[in-house]
Amino acid sequence: MKGRILTTGGAGYIGSHTTVELLKAGHSVVILDNFENSDRDRVARIPLIAGTADVRLVEGDVRDAQLMADVLKRHKIDAVIHFAGKKAVAESVANPLLYYHDNITGAVSVLSAMREVGCKNLIFSSSATVYGDTEMLPTRETAATSVSSPYGRTKLMIEEIIDDTAASLATFRAISLRYFNPVGAHASGFIGECPRGVPNNLFPYIAQAAAGIRDYVQIHGSDYETSDGTGSRDYIHVVDLARGHVAAVEHLLSSSADYAPHRKVNLGTGQGHTVLQVLHAFSKACGFQIPYQIGPRRLGDVPASLADPSLSLALFGWKPELDLEEMCRDHWNFQKRERDKSNIGMRIPPVTHKATSDHTDPHRAHQLTSGSRNVLN
Ligand code: NAD
Ligand code: UFG
């Protein structure tokens with residue numbers, strides 16, 4: 001069944017890739033984003049990549065429950081994929097109330113609006129961070145949860161809020177997708193991750209070092225009990241991750257009413273790679289050795305993280321297809337294009353956009369046309 005899907009935070013890194021894959025699968029999409037960690041240019045690239053303009057943009061805040069309800073009603077939304085929120089672990093430690101306020105209020109607002117208008121299908125962006133330093137490797141969804149940052153706690157709290165909401169509404173169904181380490185970019189190089197400031201995560205840091213923006217990569221610890229002593233993670237290509245959302249939402253839209261009200265499902269590959277293995281693979285993708293130095297462990301890091309991805313395969317027939325080489329190739333391709341923004345600008349056709357709804361509505365949706373650049377004036 002093809003659906004009308006709302007992607008909150010659909011202009012962001014994972015949301016934009018998911019929007020592309022939803023469109024390619026024949027769904028129509030409304031993106032709602034306040035652009036606090038993304039930009040309109042990225043949204044404008046979505047129809048170019050997806051080859052369809054069946055996507056609309058609402059600029060607004062998920063914490064505005066009235067806006068959320070209006071959007072759900074006006075666009076007759078069948079399912080919501082809730083990406084919007086803050087995601088920086090260190091920032092959440094420094095300013096926990098900001099994270100509790102933004103992430104929890106946002107989720108409560110989305111759920112309240114869904115309840116008000118009777119929208120019954122939700123996918124939530126959760127994280128493998130809810131497993132903490134688990135002893136169960138690979139990790140199944142049945143593993144005990146344990147979080148060490150306010151960010152992680154918001155993910156766990158929201159999962160519990162969804163549990164309670166789903167239990168109170170007869171036909172409401174939700175899937176919380178626990179992502180492992182999303183990396184890479186769309187193969188076109190048009191969309192990818194653009195961290196603001198100094199990146200915390202390994203892939204964007206390596207990419208910036210390769211592009212000459214950083215002098216070298218600092219490896220956080222080489223004395224872990226892993227094959228080469230450096231930390232190991234289950235990296236997953238963002239396009240695979242996006243396709244996992246499509247599979248999950250199609251599962252919700254098609255499965256029978258006796259389906260569990262709220263599933264928690266890993267999205268990972270089941271393959272672990274150490275920091276050094278990633279560095280070597282990335283160096284191979286760029287064709288030169290990226291400089292690095294070994295430093296001390298980073299506070300709060302776990303030695304290893306690895307998904308057991310069997311539930312996603314059993315439930316909605318999804319499994320990842322892209323390997324580390326492709327993750328590095330596509331991440332580097334995107335980073336190279338970003339290095340020369342003017343180059344990208346030349347590749348995007350000039351501005352055309354048409355508004356699809358009421359101009360008196362400050363949150364009116366705009367349909368994106370292939371070739372649209374500045375989608376909101
Ligand atoms: P991102 O920051 O690139 O995307 C989030 C988007 O939400 C941005 O476009 C931002 O502008 C928007 N947004 C933020 N607050 C908003 C609000 N109040 N109202 C409307 N829009 C708002 O992040 P991402 O990497 O794409 O992550 C998406 C989701 O996945 C987040 O919930 C994140 O916690 C979760 N997640 C990410 C990772 C990762 O490594 N990237 C890992 C696990 C879970
Ligand atoms: N690392 C380095 N140098 C860097 C950055 C990272 O050596 O400059 C190492 C880390 O120590 C770790 C590995 O690379 O061993 C991966 O680190 P990331 O920061 O890329 O990823 P994490 O697994 O630490 O954290 C990510 C997200 C969190 C999320 C978690 C679980 O940043 O938000 O995955 O999903 F909670």
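For the single chain, residues carry numbers from 1 onward in sequence order. What you are looking at is a predicted structure, and each value in this text was computed from that prediction instead of being measured. Indexing begins at 1, ligand by ligand and atom by atom, following the structure's order.
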Could you tell me if the ring centre of His245 sits under 6.0 Å from that of Phe83?
yes

Side chain, backbone, both or neither: which part of Tyr235 has a heavy atom under 4.0 Å from ligand 2?
side chain

Before signing off on this row, confirm whether Asn201 and ligand 2 have an N or O atom pair separated by under 3.5 Å.
yes

Would you kindly specify which portion of Gln218 sits under 4.0 Å from ligand 2, judged on non-hydrogen atoms: side chain, backbone, both or neither?
backbone

May I ask you to identify, for Tyr151, whether its side chain, its backbone, both or neither come under 4.0 Å of ligand 2 on a heavy-atom basis?
side chain

Strictly by modelled atom types, are Asp70 and Gln66 linked by a side-chain donor-acceptor pair under 3.5 Å?
yes

Near Asp301, which atoms of ligand 2 are under 4.0 Å from a heavy atom of that residue?
10 (C), 11 (O), 12 (C), 24 (O)

Numbering as shown, the atoms of ligand 2 that approach Val89 to under 4.0 Å (heavy-atom distance):
33 (O)

Of the choices Thr129, Val217, Asn181, Ile294, which has the non-hydrogen atom that lies closest to atom 34 (O) of ligand 2?
Asn181

Under 3.5 Å, which donor-acceptor pairs link side chains of residues 215-222 to any protein atom two or more places apart or in another chain?
none

Within 4.0 Å of some non-hydrogen atom of Arg298, the atoms of ligand 2 are 5 (C), 6 (C), 10 (C), 17 (O), 18 (P), 19 (O), 24 (O)

I'd like to check which ligand 2 atoms, numbered from 1 as shown, lie under 4.0 Å from a non-hydrogen atom of Ala128.
35 (O)

For Ile219, counting its heavy atoms only, list the atoms of ligand 2 lying under 4.0 Å from any of them.
7 (O)

Regarding His262 and Ser176, is there a side-chain donor-to-acceptor distance under 3.5 Å anywhere?
yes

Could you go through ligand 1 and list every pair where one of its N or O atoms sits under 3.5 Å from a protein N or O, giving the atom names and the distance to one decimal?
unit_1, atom_1, unit_2, atom_2, d
ligand 1, 2 (O), Asn37, ND2, 2.7
ligand 1, 3 (O), Tyr13, N, 2.9
ligand 1, 9 (O), Gly12, N, 3.2
ligand 1, 9 (O), Asp33, OD1, 3.2
ligand 1, 9 (O), Asp33, OD2, 2.6
ligand 1, 9 (O), Ser38, OG, 2.7
ligand 1, 11 (O), Asp33, OD1, 2.7
ligand 1, 11 (O), Glu36, N, 3.0
ligand 1, 11 (O), Asn37, N, 2.9
ligand 1, 11 (O), Ser38, OG, 3.3
ligand 1, 13 (N), Asn34, OD1, 3.4
ligand 1, 18 (N), Asp61, OD1, 3.0
ligand 1, 19 (N), Val62, N, 3.0
ligand 1, 21 (N), Asn34, N, 3.2
ligand 1, 21 (N), Asn34, OD1, 3.2
ligand 1, 23 (O), Lys87, NZ, 3.4
ligand 1, 25 (O), Lys87, NZ, 2.7
ligand 1, 26 (O), Tyr13, N, 3.3
ligand 1, 26 (O), Ile14, N, 2.8
ligand 1, 32 (O), Phe83, O, 2.8
ligand 1, 32 (O), Lys155, NZ, 2.9
ligand 1, 34 (O), Tyr151, OH, 2.7
ligand 1, 34 (O), Lys155, NZ, 3.0

Please work out which of the three classes, parallel, tilted or perpendicular, describes the rings of Phe316 and His251, given edges at 30° and 60°.
tilted

Report, one line per pair, each donor and acceptor closer than 3.5 Å where one atom sits in a side chain of residues 117-126; sequence neighbours left out.
unit_1, atom_1, unit_2, atom_2, d
Lys120, NZ, Thr171, OG1, 3.1
Asn121, ND2, Asp78, O, 3.1
Ser125, OG, His82, O, 3.4
Ser125, OG, Tyr179, OH, 2.6
Ser126, OG, Glu159, OE2, 2.6

Would you say Asp234 and Ser305 are linked by a side-chain donor-acceptor pair, where the criterion is simply a distance under 3.5 Å?
no

From Ser127, Ser149, Ala209 - option closest to atom 29 (C) of ligand 2 by heavy atom:
Ser127

Atoms in ligand 2 flagged as close to Tyr179, the criterion being non-hydrogen separation under 4.0 Å:
35 (O)

Sequence neighbours excluded and cut-off under 3.5 Å, please list the side-chain donor-acceptor pairs for residues 190-204, or say none.
unit_1, atom_1, unit_2, atom_2, d
Glu193, OE2, Lys87, NZ, 3.2
Arg196, NH1, Glu36, O, 2.6
Arg196, NH2, Ser38, O, 3.1

